[in-house]
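All remarks here apply to the structure that follows.
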Amino acid sequence: MGILDASPRVRAAALTAPPFLYTLLLLAFPLGAVILISFMTQQGVALDTTFTTANYQRIATEPIFGALIGRSLLVASLVTLVTVVLAYPVAYYVSFHVRPERKALWLFIITIPFWTSYLIRVFLWRIILGFNGVVNTALVSLGIVDEPLTFILYNLNSVIITLAHAYAVFAILPIYVALEKIDRSLLEAAQDLGENRLTTFLRVTLPLSIPGVVGALLIVFIPVIGDYVTPELMGGPGGRVAANMIQIQFLQLNNWPLGAALALVVMMVVGLVAALFGLVFFRWLRRRA
Amino acid sequence: MRRGRLLGIYTIVYLVFLFAPIALLPIFAFNDAAIIAFPLAGFSTRWFERLWTTPALHQALQNSLFIATVTAVLATLLGTCAARAASMARFPGKRAALGFIMLPIALPEIVIAVALLIVIRQVFDLPLTNWSVIAAHTLICVPFSIAILNGAFAALDPSLEEAAMDLGESRWSAFRLVTLPLVMPGIVSSLLICFIISMDDFVLAQFLTGANPTLPVYIYSLTRFVDSLPLIMALGTILVTLSLTLLVIAEWFRRRGAARAGLKTSGGLL
């Protein structure tokens, strides 16, 4: 009896198997290898496979690693906050003020920049914010400033602008989905009961959209903390973050065990932040219920 | 509706912020100056002509096209399996298995890149080739493929396939003749989106590319030379135009598929 004649359950399981095995083989197994290698050491070109926590000790004791991880957390938190705060009104506008038959088109337009080369977009921000860039030449020629502004390139500001642009869609979509789910009659009821527009928003719409906001915060925070391209190209000399150090350990210094350990530490920090955040959110939900 | 108007203005400003960088691409790509700055120097196609005569670029483009094509096919095949399974009978562990398959989009790309690099070089001691990039791109494209195809399969009426089988078709031919044509728009859409993701990816390619770089890795290497910035603008113009064209076609197919299944379209491709 072939698999095609098997029961629906068996056929569903058989169909799940190829993508599942692919992910197992190319994700779970490699992540296991990362954990393993992080407990080894690099001796010149060779790998010393004796079990040791030396890499983790280095990360814990040498101040550079702590500083980089702290910087990663700072950059990722600021970017996440800026991205979500800027994105919320856009999601709100599309959900509440765009006619239903036009919503799909609006969302399509908002997602367009996301599908264009990330690297090219980073370059374009360099051109826009540069010393002789679009912003500065415009400001100087309009006479608004006497000489080009220097606080907008190769520092934290330029990194935040570029990343807030890169991850905008990740923030807009979850908030939009949450706003769409809100029963509109609740808003009418609130206004019938004497709430004005602002208090309706603050006491009904905003709390009901919080799950989307939480989703947006996480979905922006996680990829941003792993981003090394923007900090390298936009951050200037002091702009490096932990992800840059991971990249350097692997592609330049050839100390893979140390790079692996650092990647795992960063992942654990992300997990910890996400868990803490989830806990606060859960508490908040329970208090409201 | 004063509040609505204020919000509308804000949204327009935000859209300008979203699109401004891309809008600058063609302006500088056709600008007759080696320095990227205003004021503009005049119209020129010389940067495009230089692209035409740069062999290293052609090699990189060829690699990227090969990688993106194979990735699109593999990821869509695997994505079709998962999306089809998701619409079928429950079995123990199904939700966990499907959730696990979606995991690659919840991880920072650098972690996936590092993990695959270690396995390929340290565990198996294999050389890095285009296939290592394909393996990685397929991994991150499968979740996108599933997200696109889920809609197509979920909207399908299972009684159609049963009817075909009652009329004497085998299970496979019922799938091929009835289901496949109905989900075909979703499949085309998935192929195009996976192609775009693979063409645009830089992080995985930088870690896993072999002796021959992909297009984004090549572009990155150009950034060390100031005089090649206009070249990047010209190349970027071509790439963005390609992405946008494929994206519009993908969205058109996705909507057609949704319409065929009798669904109201809502939302974009994500």
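Chain letters run A, B, ... following the sequence lines, proteins first and then strands; every chain starts at 1.
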Original post:
Can you tell me if H97(A) uses its side chain to pair, donor with acceptor, with the backbone of L7(B) under 3.5 Å?
Top reply: no

**OP:** Below 4.5 Å from any heavy atom of chain B, which atoms of L218(A) appear? Answer side chain, backbone, both or neither.
**Re:** neither

Subject >> Under 4.5 Å from a heavy atom of chain B, the part of V90(A) involved >> reply: both

Original post:
Using a cut-off of under 4.5 Å for heavy-atom pairs, which of L264(A), I120(A), L251(A), L24(A) has the most such pairs with chain B?
Top reply: L251(A)

Original post:
Does L124(A) reach the side chain of M233(B), with side-chain heavy atoms less than 4.5 Å apart?
Top reply: yes

**OP:** Please name the pair of heavy atoms, one in W115(A) and one in I196(B), separated by the smallest distance, quoted to 0.1 Å.
**Re:** O-CG2, 3.5 Å

Original post:
Going by atom types only, do E109(B) and Y228(A) share a side-chain donor-acceptor pair under 3.5 Å?
Top reply: no

Original post:
Can you check side chain to side chain contact (heavy atoms under 4.5 Å, CB included) on V248(B) and F108(A), steps first, answer last?
Top reply: CA-CA 9 Å; V248(B) 170; F108(A) 178 66; 4.2 Å; yes

Original post:
Relative to chain B, which of G226(A), A13(A), A33(A) shows the most heavy atom pairs under 4.5 Å?
Top reply: A13(A)

Subject >> Aromatic ring proximity, centroids under 6.0 angstrom, W125(A) and F17(B) >> reply: yes

Subject >> Contacts with chain B made by residues 255-263 of chain A (heavy-atom distance under 4.5 Å), listed by residue number >> reply: W256(A), A260(A)

Original post:
Where the side chain of Y22(A) meets the backbone of A135(B), is there a donor-acceptor pair that is under 3.5 Å apart?
Top reply: yes

**OP:** Indicate the atoms forming the closest heavy-atom contact of L18(B) with A168(A), along with that distance.
**Re:** CD2-CB, 3.7 Å

Subject >> Heavy-atom side-chain contact between P108(B) and I222(A) under 4.5 Å >> reply: yes

Original post:
Are the aromatic rings of F202(B) and Y118(A) close, with centres under 6.0 Å apart?
Top reply: no

**OP:** Could you check which of L86(A), I219(A), I37(A), L47(A) has the highest count of heavy-atom pairs closer than 4.5 Å to chain B?
**Re:** L86(A)

Subject >> Toward chain B, the part of L119(A) with a non-hydrogen atom under 4.5 Å >> reply: side chain

Original post:
Given that the side chain runs from C-beta out, which part of L26(A) has a heavy atom under 4.5 Å from chain B: side chain, backbone, both or neither?
Top reply: both

